[in-house]
Visitor: 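Have a look at this one.
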Amino acid sequence: MERSTMKTYLTCGATALASAALAFSLSACAATSEMSSAAVGSAGTSSAAAEVAESASTSSTGASRAAASNAESASTPGSSAAEQASLTSAFDSTPTKDDITTNETVSNSANGEHAIEASGTSESYSNVAVEKTGDSDSGDEADFYGDNATVFATDGATLDLNQMVITSDGQHANGVFSYGEGTTVNITDSIIDTKGNCSGGLMTTGGGTMNAKNLRITTSGNSSAAIRSDRGGGTVNVDGGVYTTSGTGSPVIYSTADITVSNAQLESTASQGVVVEGKNSVTLNNVDLVADNNTKNSDKSDFYQAVMIYQSMSGDATSGTSSFAMNGGSLTNANGDVFFANNTACEITLNDTTIVNNGDGMFLRAAAAGWGNEGSNGGQVTLHANKQVINGDMVVDDVSNLNLYLENGSTFTGTINADKQAGKVYVDLSGGSKWTLTSDAYITSLTCEADSIDLNGHTLYVDGKAYETGTASSGTAIEIVVSESTGGPGDGGTPPDGQGGPGDGGTPPDGKGGPNGGTPPDGKGGPGDGGTPPSGTPPEKPSGTPPDGKGGPNSSGNSATSSDSASSGKTTGGDSSSADGGDGSTDSNNGSSTSDSTSAEQSSESSSSTTS
């Protein structure tokens, strides 16, 4: 490890500094003395202002109460004014490199090592520049257990990071990595910038915890999600900040964990915005998400999408029901479908979210692709829309199913299975919700009030019979059943063509047998990407062993079916226990992809360049 002392001096006027202090809570800036002088010089003015404020408060009690009532109303979920104010505040307060004074530089260039590591201890760093080069010799060791991560916490450590500038330029050089149960990383007001392939911004595996507030994360490599998890998952909480990805197979969020993001701006310029794999979740509260999925690297799926929910069968995610929820905020899709569900049961919840589809695809596509067992690898979707506007069509193929609940004044303008696809669909409209058809629609069952459906000159077929306008209906939901299997070749893990994953070319986005290819998104070594994915429970990492001696990956996959019934100042503390489990991926190439495939997080076992 190399350490060199470096100080960065910021010059700014008193006014700009005061503004920066308020916006970014910076602890260091050159004009502290000017600020103090300004504060002293304006003491009389401040006192007078306080008196005016007190007087105004006393004489306008009724108005204040009304304002408080309005403010409370505005702060409720779905309030666009409150959301916009919160998002604007989050964006304005997100630091840039010029906003952070670093007093020390910690660097590491050795393959497989870390610039900062906390193992079983409590440590804290602030105002430090952290630099990492060098690669990992093993994709699994890096993606499951933190080998070569820039900043790494393990064995029950607690690591606090504040006003850090963290950069990496190497293969499998994740920014900040939390591994193992009992391990917690808390990072605030910091910048993370990764340039190599398979180098996520935040990485959480093996049951670790990651708490992040007000970060600016940028990744430019392939298979490099800004907010990423892998085998063994964990818990990730992000509040505020700006998160951007530009590489192939690099969604802003790739989840094999429980991930919650609030009051943030997310943008992907080449890949999905969000990918959820298996029995895991993503919840977005008051978030602006922009996704432009325009790159592919495999031939297993013909579709692009903003949000992909699937099971890769690679062994990286436990089988079960996937979950995606969006409360307020906005989702803007630039290409293809908004939602794509494949080879898993999932629940999608939309609560007063502004959704704009600038692509030419579907609002929702539930369909088979290359993951799972042919004939049972569709998407089994339950979609709840609350106070939600939905514009666009939905397609449910013959191995997929949909329960669509339009609730509390939601509106749906579009059609379902216009081309007579055979998937089972139940639609339930309640609380004054409306459905306006844009072409003929084919569903299995319907519950609605008499005035819920506007046929708009088209025909709605319910179990083969034309619905009569102005009539109420009572139907039965489709029961979603999740079946489990180990996710390996010969056991359901191999897609119909034996290449290991839908997508566009044999290797899924992120080398994991995931979306878009034989390797699932996020580099996890799924079916068809060179070997048999592990099965069973995740391996226990030997106690006290650093991330280069951690044992092999293990886990199970799943498929879903349905049936017809219902500092320079560093401080060190005491020890913590080690943890087990883990999540993984394999190595992605450094070269750019020239092939077509749906893009989700991707990598390949070899570090050599591949094209398809």
Side-chain angles (χ1 to χ4, degrees), residues 300-305 309-310 336-346 348 357 359-383 385 390-406 411-429 433-448 452-481 496 502 559-566 598:
K300 297 305 175 184
S301 170
D302 296 328
F303 312 117
Y304 298 94
Q305 58 280 144
I309 307 171
Y310 86 120
D337 305 325
V338 179
F339 295 99
F340 175 51
N342 163 253
N343 196 41
T344 190
C346 67
I348 300 172
N357 187 12
D360 57 359
M362 299 291 154
F363 180 87
L364 169 68
R365 186 184 303 275
W371 298 274
N373 292 313
E374 185 174 12
S376 63
N377 60 343
Q380 316 302 325
V381 182
T382 299
L383 171 56
I390 296 176
N391 293 311
D393 299 338
M394 303 186 189
V395 168
V396 183
D397 74 4
D398 60 354
V399 293
S400 302
N401 299 276
L402 169 65
N403 289 317
L404 172 61
Y405 296 90
L406 301 171
T411 62
F412 169 32
T413 303
T415 190
I416 300 176
N417 284 353
D419 294 330
K420 303 181 182 180
Q421 289 88 347
K424 295 182 176 65
V425 178
Y426 169 67
V427 179
D428 187 318
L429 297 98
S433 297
K434 305 289 183 183
W435 177 11
T436 301
L437 275 68
T438 55
S439 66
D440 291 352
Y442 296 81
I443 66 175
T444 308
S445 186
L446 174 68
T447 295
C448 69
S452 297
I453 310 289
D454 179 0
L455 295 176
N456 194 29
H458 305 289
T459 303
L460 169 61
Y461 294 94
V462 181
D463 198 22
K465 299 179 181 179
Y467 167 79
E468 294 185 12
T469 188
T471 60
S473 179
S474 179
T476 302
I478 309 301
E479 182 181 6
I480 304 298
V481 178
S559 62
T561 59
S562 71
S563 64
D564 237 345
S565 58
T598 323

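Quick note: residue numbers are just sequence positions, from 1.
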Visitor: Got a donor-acceptor contact below 3.5 angstrom from the Asp337 side chain to the Met362 backbone?
Guide: yes
Visitor: Looking only at non-hydrogen atoms, find the nearest pair between Asn456 and Asp454 and report the distance.
Guide: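 It is N-OD1, 3.0 Å.
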Visitor: Could you please spell out the steps behind the side chain to side chain contact (heavy atoms under 4.5 Å, CB included) verdict for Asn417 and Val395?
Guide: CA-CA 5 Å; Asn417 284 353; Val395 168; 4.3 Å; yes
Visitor: Passes side chain to side chain contact (heavy atoms under 4.5 Å, CB included), Leu404 versus Leu406? Steps please.
Guide: CA-CA 6 Å; Leu404 172 61; Leu406 301 171; 4.0 Å; yes
Visitor: For Asp440, enumerate each residue passing the side chain to side chain donor-acceptor pair (under 3.5 Å) test, keeping only those at least two apart in sequence or located in another chain.
Guide: none
Visitor: For the NE2 atom of His458 and the CD1 atom of Ile453, what is their distance to the nearest 0.5 Å?
Guide: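 Interatomic distance, His458 NE2 to Ile453 CD1, rounded to 0.5 Å: 13.5 Å.
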Visitor: Yes or no on side chain to side chain contact (heavy atoms under 4.5 Å, CB included) for Leu455 and Leu460, after CA distance, side-chain angles and deciding distance?
Guide: CA-CA 7 Å; Leu455 295 176; Leu460 169 61; 3.8 Å; yes
Visitor: Give the intermediate values and the outcome of side-chain hydrogen bond (donor to acceptor under 3.5 Å, both in side chains) for residues Tyr426 and Thr447.
Guide: CA-CA 8 Å; Tyr426 169 67; Thr447 295; 2.7 Å; yes
Visitor: I need the minimum non-hydrogen distance between Ile390 and Met394, along with the two atoms involved.
Guide: CG2-CE, 4.1 Å
Visitor: Output the distance between atom OG1 (Thr438) and atom CD1 (Ile416), rounded to the nearest 0.5 Å.
Guide: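 Nearest 0.5 Å value for the OG1-CD1 distance: 10.0 Å.
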Visitor: So does Ala369 get a backbone contact from the side chain of Asn377, meaning a donor-acceptor N/O pair under 3.5 Å?
Guide: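 Such a contact is found between Asn377 side chain and Ala369 backbone.
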Visitor: With sequence neighbours excluded, give me every salt bridge (Lys or Arg N to Asp or Glu O under 4.0 Å) pair touching residues 396-405.
Guide: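 Sorted result for residues 396-405: empty, none.
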Visitor: At their closest point, which heavy atom of Ser400 faces which heavy atom of Ala368, and how far apart are they?
Guide: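 Scanning both residues completely, I find the closest heavy atoms to be OG-N, 4.3 Å.
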Visitor: Using 0.5 Å steps for rounding, measure from the CG atom of Asn342 to the CZ atom of Arg365.
Guide: 11.5 Å
Visitor: Spell out, as yes or no, whether a donor-acceptor pair under 3.5 Å connects the side chain of Thr444 to the backbone of Asp463.
Guide: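 Such a contact is absent between Thr444 side chain and Asp463 backbone.
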Visitor: Search all heavy atoms of Val396 against all heavy atoms of Lys424 and return the closest pair with its distance.
Guide: CG1-O, 4.1 Å
Visitor: List the atom of Ile478, the atom of Leu402, and the distance in Å for their closest heavy-atom pair.
Guide: CG1-O, 4.3 Å
Visitor: Which heavy atom in Gly336 sits nearest to a heavy atom in Asn357, and how many Å separate them?
Guide: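 Result for this residue pair: O-OD1, 3.5 Å.
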Visitor: Has the side chain of Ser473 got a donor or acceptor atom that lies under 3.5 Å from a matching backbone atom of Leu446?
Guide: yes
Visitor: Can you list the residues that meet the side chain to side chain contact (heavy atoms under 4.5 Å, CB included) rule with Ala466, with sequence neighbours excluded?
Guide: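 For Ala466 the side chain to side chain contact (heavy atoms under 4.5 Å, CB included) partners, ignoring immediate neighbours, are Thr459, Tyr461.
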Visitor: Kindly say whether Thr415 contributes a backbone atom to a donor-acceptor pair with the side chain of Trp435 at under 3.5 angstrom?
Guide: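 Checked: no pair found.
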Visitor: Distance-only, no hydrogens or angles: does the Gln380 side chain make a donor-acceptor pair with backbone N or O of Val399 under 3.5 Å?
Guide: yes
Visitor: Out of the candidates Ile480, Leu383, Val381, only one should pair with Asn403 under the side chain to side chain contact (heavy atoms under 4.5 Å, CB included) rule; please name it.
Guide: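 Single pass found, and it is Ile480.
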Visitor: Name the one of Phe339, Phe340, Phe412 that satisfies ring pair (Phe, Tyr, Trp, His ring centres under 6.0 Å) with Phe363?
Guide: Phe339
